[in-house]
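Encoded as structure tokens, the structure appears first; notes follow it.
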Protein chains: 2
Amino acid sequence: MKDKRTHIIETAMNLFAGKGYEGTSIRDIAESASVNLAMVNYYFGSKEKLFESIVKYKSSLTRVLLDEILHNTKFTYIEKIDAVIDSYVERLFTHRSFHRLIYHELILNQRDELQTSIVDNLIPNSIIIKNIIEAGIKKNEFKKVDIELTIATLIGTINQMLLSKKFCNRLLNKELSYVPYDDVKFRKRVKNHLKQLMHSYLIN
Amino acid sequence: MKDKRTHIIETAMNLFAGKGYEGTSIRDIAESASVNLAMVNYYFGSKEKLFESIVKYKSSLTRVLLDEILHNTKFTYIEKIDAVIDSYVERLFTHRSFHRLIYHELILNQRDELQTSIVDNLIPNSIIIKNIIEAGIKKNEFKKVDIELTIATLIGTINQMLLSKKFCNRLLNKELSYVPYDDVKFRKRVKNHLKQLMHSYLIN
DNA sequence: TTTAATTAAACAAACGTTTAATTAAAACAT
DNA sequence: ATGTTTTAATTAAACGTTTGTTTAATTAAA
């Protein structure tokens with residue numbers, strides 16, 4: 001049996017991701033997690049501290065993955081970019097409810113402290129990508145591009161697909177019941193698109 | 001003096017965009033708009049119907065702009081893409097609170113009817129871009145690319161910048177008080193990035 | 001005189017949080 | 001090992017607010 005604290009965190013994460021922070025009540029969370037209402041405040045102190053616990057619990061994993069790619073000396077720079085794309089698509093599509101939660105919180109301007117902590121957790125990932133592109137330019141493997149906006153394109157394309165299943169399916173002309181994110185073929189398609197895009201944009 | 005109904009809609013839009021649907025109370029709206037609490041329900045029936053009124057009120061404008069570009073025979077296809085980029089960046093950056101509101105609602109899976117209506121309003125814009133790229137490929141001006149994901153890249157890049165001022169400024173190494181969206185230089189920078197990206201990706 | 005607009009007050013329901021009482025677990029001394 | 005004490009976990013109930021909505025009365029406009 002799982003740790004009760006962890007169980008509450010994971011239940012709350014899925015509810016927050018689907019219904020938003022204000023849209024999810026502590027009673028919702030307690031019922032879904034099959035624990036007493038008061039247990040949530042007993043473990044986390046308050047609703048907002050629960051939210052912060054979720055962010056802390058889930059973060060830092062992505063950074064480790066990207067760091068490995070950055071320091072892998074077997075890769076050329078464009079191969080590193082390819083590896084970043086593979087890693088990002090897999091990670092965001094798999095943990096999509098968490099990432100929806102993060103971007104939902106970012107898009108609102110409430111809870112300044114929490115937003116700062118989210119940005120603090122996201123930016124290091126961007127910096128790793130920045131380092132790769134910068135090094136690629138220095139070694140003349142890459143053209144001189146707008147690095148920051150290239151990162152925005154990379155992450156933004158994936159986020160655009162992640163935003164809403166309904167929008168995604170309408171754009172792709174798929175039926176309503178289709179779940180693109182779990183489809184290996186679709187993941188491959190997104191990876192291929194981003195790789196081709198980056199190859200033609202970055203390489204001399 | 002403005003129409004009272006319109007005044008409520010515009011006030012509510014800004015509040016919803018900043019604090020989300022559940023985070024904004026009718027009392028908030030009434031106070032900000034300097035009208036009596038009961039007037040909101042008097043004019044719109046309910047909070048949810050007010051929300052729908054906002055979406056209907058603001059939509060359709062973008063479509064007209066894109067349609068003009070699509071049917072302008074003076075443009076080559078890549079020039080049409082450039083025009084779409086200019087038009088999108090200007091529109092989304094200027095009406096950013098409305099677009100944040102839309103994407104905030106999309107990212108949640110609540111209120112199915114409303115989400116459907118948002119998607120119905122967004123998809124035609126994507127189809128216009130699709131038509132341009134398709135025609136460009138047919139006339140051999142463009143390479144054979146993944147059209148749907150190219151659209152996701154176009155819109156996703158802009159949305160990624162629009163998501164959060166804090167994230168945007170940290171990525172760009174700007175100070176906290178800087179407002180990138182109103183800066184003409186920054187708009188130009190985003191446009192240039194997207195154009196160069198699309199040129200190297202689309203053109204043979 | 002009739003209709004529309006506006007108001008303050010009240011409604012029930014849901015919210016996050018706290019309390020006080022009870023049960024289970026852990027630590028301790030014998 | 002046993003009984004005792006102390007701490008942690010769990011519960012149902014209640015707290016004071018805030019929520020969206022409705023009502024009934026009043027004022028303005030047609």
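First the proteins, then the strands, lettered A, B, ... as listed; each starts at 1.
One finds a side-chain N or O of A:S25 lying less than 4.0 angstrom from the OP1 or OP2 phosphate oxygen of C:dC15. Listed pair A:K47 / C:dC15 fails the phosphate criterion, with no side-chain N or O lying under 4.0 Å from OP1 or OP2. An OP1 or OP2 oxygen of D:dA12 is reached within less than 4.0 angstrom by a side-chain nitrogen or oxygen of A:N36.
One atom, CG of B:N41, and another, C1' of C:dT6, lie 14 Å apart when rounded to the nearest Å. When rounded to the nearest whole Å, the span between CG of B:D28 and P of D:dG20 equals 8 Å. Note: CZ (B:F44) to C1' (D:dG20) measures 16 Å, nearest angstrom. B:E31 places its CD atom 13 Å from the P atom of C:dA8, with the value rounded to the nearest Å. Remark: P of C:dA24 and NZ of A:K4 are 12 Å apart, rounded to the nearest angstrom. For the pair B:H7 NE2 and C:dT6 P, the interatomic distance rounds to 12 Å; values are reported in whole Å. Atoms CG (A:L37) and P (C:dG16) sit 9 Å apart, rounded to a whole Å. As a whole-Å value, the separation of B:R111 CZ from D:dG20 P is 11 Å.
Within the 4.5 Å cutoff, side-chain heavy atoms of A:D86 are placed close to those of A:K195. Side chains of A:M198 and A:T153 form a contact here, defined as non-hydrogen atoms less than 4.5 Å apart.
Within the 4.0 angstrom heavy-atom criterion, only backbone atoms of the sugar-phosphate kind lie near B:Y43; the bases stay farther away.
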Under the criterion side-chain contact (heavy atoms from CB on, under 4.5 Å), I'd like the reasoning laid out for B:Y21 against A:E22: C-alpha separation, chi angles, the key distance, then a yes or no. CA-CA 9 Å; B:Y21 180 81; A:E22 278 86 5; over 6 Å; no

Run B:T94 and B:R187 through side chain to side chain donor-acceptor pair (under 3.5 Å) and show every step you take. CA-CA 10 Å; B:T94 304; B:R187 291 192 183 193; 3.2 Å; yes

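The backbone N or O of A:S25 lies less than 3.5 Å from a partner atom in the side chain of A:D28, making a donor-acceptor pair.
The listed nucleotides are C:dA10, D:dT22, C:dT17; the one nearest the side chain of A:R27 is C:dT17. The side chain of A:Y42 approaches D:dT10 more closely than any other nucleotide in the set C:dA8, D:dT21, D:dT10. Here the side chain of B:M39 is nearest to one of C:dT6, D:dT21, D:dT10, namely C:dT6.
Using N1 to N3 plus N6-O4 or O6-N4 for Watson-Crick, or N1-O2 and O6-N3 for G-U wobble, each under 3.5 Å, C:dA20 pairs with D:dT11.
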